[in-house]
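Structure first, then comments.
Reminder, nothing fancy here: chain letters follow the sequence lines and each chain counts from 1.
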There are 2 protein chains.
Amino acid sequence: MKTELKEAYGFLFENELLEEIAECGTVRKIDAGERIIEFGDYVTGMPLLLNGAIKIMREDGDGDELLLYFIERGDTCAMTLNCCMGQTKSEIRAVAETDTTMIMVPIAKMEEWTARFKSWRNFVFESYHNRLSEMLDTIDTIAFLNMDQRIMKYLRDKAKINRDENVQSTHQQIAYDLHTSRVVVSRILKKLELDGKIKLHRNQIRVIDL
Amino acid sequence: MKTELKEAYGFLFENELLEEIAECGTVRKIDAGERIIEFGDYVTGMPLLLNGAIKIMREDGDGDELLLYFIERGDTCAMTLNCCMGQTKSEIRAVAETDTTMIMVPIAKMEEWTARFKSWRNFVFESYHNRLSEMLDTIDTIAFLNMDQRIMKYLRDKAKINRDENVQSTHQQIAYDLHTSRVVVSRILKKLELDGKIKLHRNQIRVIDL
DNA sequence: AAAGCTTTGTAACACTTGTTACTGCCCTTC
DNA sequence: GAAGGGCAGTAACAAGTGTTACAAAGCTTT
C-alpha cells in the first residue's frame, strides 16, 4: 500500500503526512460497477483514489439520473469532503467505473491535517477547484450542447477514462447516464456510424474519429 | 465600514481577523447592473459581500449566456477563490444584481489567514460547500426541469433575492439568463398569467402564486 | 436447435422548444 | 402630437427530442 500511496500522492504530500495516511487509512478495493456511495448515505470517511476511476451521478426525486463527471487517481471526491465537513447526507451517487483501489481516511483526521499540513490544505483546495471546474463543464454540456454533441463527448470521455477505444456500454446505459431515452441514443449512434465516426457492435461501441 | 463588517461577518470571524480585514481590505460600492468580473479577467482580490446581491453567469464560446446562481451578504465567490489560488482567469461573469457593497481583500492575505485562523478556513470551506451545492441545484434545474418550471423558479429566486414580489425584467432579459429565446419566454409568461400565477406589466412581472 | 432473454433498429407520432415574421402598444424625445 | 425605439403578443412553422410499438438480431440456457 505504501508504495502505491507514494506513487499516486508522493509528489503532493510530504513524507510525514504520507506516513500518517498510511497509518490511519484503510485500503478498499472495489469491483467495476459496484456502488460506493448512495444518494442519502452518511459519509464516514474520505476516499483517496490509488487507481481506477469512479463515476459520479446525480439523481432527482423521480429517480431520473445524470452523469456528473469521473474521478481518477490522485483525486478525491470533493462532494465527500463537503459531506464530511458539513456532516450532511450525500447528494450524489458514486459507482466504480473500473476496478478501483482507494484509501479511506477517517473524517476526524482531516481537520487536524488541515491545520498542520500546508500540502494537505492545498490538496483540498485543489480538489474543490477541480470539482467546480468539472461542474462548470457539466453545466456547459447540458446547457449549450445538443444531444448529438453530448453523446460524442460522452463516448470520448468514456474511452479516455477506460483507456480503450472500445466503449463497453449498451444504448440503455448511455441513455441513463445522459438522462434521455434509449431510442434517442440508438438513433443518434446510428447516424454517427453512418458518418464513419464510430462502429457499432452489441454491448460495445468502437470510437473511430470523434 | 467596521460596523457593517461586524454585522455581516461578526458571528463568523474572531475579532483579530475582523481587525485585519478592516485594515487591509478596501470597500467597493457597485451600482445595480454594473459588471464586476468579466469572463477571462484575472482576479486581483477576493470579495466579501457586505450587502446587495451578485449574479454569476456562465458564457460559452458563441456568446451564449446562462445564469448560474446569486450570491448574497456574508458570502464570497468561490469561483474567485478558485481563480485566486490557481492564478487562473475567471471562468464566469459577475454582475451586480442590486446596489452592492463589498470588501476587497488582497490575495496575498488569504494564504496567511488560512494557516492562522480556523474560522477563516471554515469560512472558505463553507463557501466552497455552498457553491458546489448551488451548482448541483443549477444542474438539476437545467437537466430535470422543463422551461415552464425553470421560468417559475427563476421568478421565485429573483423575487427572493430582491425582496420584492415585483420582478423588474424584460422578457428578453429573462431569455438571456435562461439561455432561451424571447418568444418562448413571452409565450410561457402569458400562460402563467392566464393560470393566475403572475401578473404581467411592461418591464415588470408581479409574482402572485408560484 | 428451440425457447427465452437482452439488445438494437426503425417507423410513426407527440410534445417541447426555437425561429421568423409581423403587429400593436407604451414610453421617450423632439 | 408626431416620430422613433424598445417591448410584448401572436401565428405559423421548423427542429430537436421523447414516446410507443413492433420487429429482428444475437446471446444464453436448456
Q. Between the base of C:dG18 and the side chain of B:Arg182, is there a donor-acceptor distance below 3.5 Å?
A.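 A donor-acceptor contact between them is absent.
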
Q.
Looking at the base of C:dG18, is there any donor atom on it, or on the side chain of B:Arg187, that sits under 3.5 Å from an acceptor on the other one?
A. yes

I need the [atom1]-[atom2] distance between [X] and [N], as an integer number of Å.
{"X": "B:Asp148", "N": "C:dC15", "atom1": "CG", "atom2": "C1'", "result": "12 Å"}
{"X": "A:His171", "N": "D:dG18", "atom1": "NE2", "atom2": "P", "result": "16 Å"}
{"X": "A:Gln168", "N": "C:dT7", "atom1": "CD", "atom2": "P", "result": "13 Å"}
{"X": "B:Leu194", "N": "D:dT10", "atom1": "CG", "atom2": "P", "result": "8 Å"}
{"X": "A:His179", "N": "D:dT19", "atom1": "NE2", "atom2": "C1'", "result": "14 Å"}
{"X": "A:Gln149", "N": "D:dG16", "atom1": "CD", "atom2": "P", "result": "11 Å"}
{"X": "B:Ile174", "N": "C:dG18", "atom1": "CD1", "atom2": "C1'", "result": "17 Å"}
{"X": "A:Ile142", "N": "D:dT17", "atom1": "CD1", "atom2": "C1'", "result": "15 Å"}

With no hydrogens and no angle check, just 3.5 Å: does a side-chain donor-acceptor pair link [X] and [Y]?
{"X": "B:Arg131", "Y": "B:Ser127", "result": "no"}
{"X": "B:Asn162", "Y": "B:Glu97", "result": "yes"}
{"X": "A:Asp41", "Y": "A:Ser90", "result": "no"}
{"X": "B:Asp137", "Y": "B:Tyr69", "result": "no"}

Q.
By the 4.0 Å heavy-atom rule, please label B:Ser181 as base, sugar-phosphate, or nothing.
A. base

Q) So what does B:Leu200 touch, heavy atoms closer than 4.0 Å: a base, only the sugar-phosphate, or nothing? A) sugar-phosphate

Check every atom of [options] against the side chain of [X] and return the nucleotide holding the closest atom.
{"X": "B:Asn146", "options": "C:dT10, D:dT10, C:dT16", "value": "C:dT16"}
{"X": "A:Lys190", "options": "D:dG16, C:dT10, C:dG18", "value": "C:dT10"}
{"X": "A:Arg202", "options": "C:dC26, D:dG9, C:dT6", "value": "C:dT6"}

Q: Using the closest heavy atom to pick a nucleotide of DNA chain D for each, name whichever of A:Val183 or A:Met147 lands nearer the 5' end.
A: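 Going by which nucleotide is closer to the 5' end, it is A:Met147.
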
Q: Given ring pair (Phe, Tyr, Trp, His ring centres under 6.0 Å), test B:Phe125 with A:Phe125 step by step and report yes or no.
A: CA-CA 8 Å; B:Phe125 284 132; A:Phe125 284 131; 5.5 Å; yes

Q | Short side-chain N/O contact to D:dG18 OP1/OP2 from A:Thr180, under 4.0 Å | A |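 True: A:Thr180 side-chain N/O within range (under 4.0 Å) of D:dG18 OP1/OP2.
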
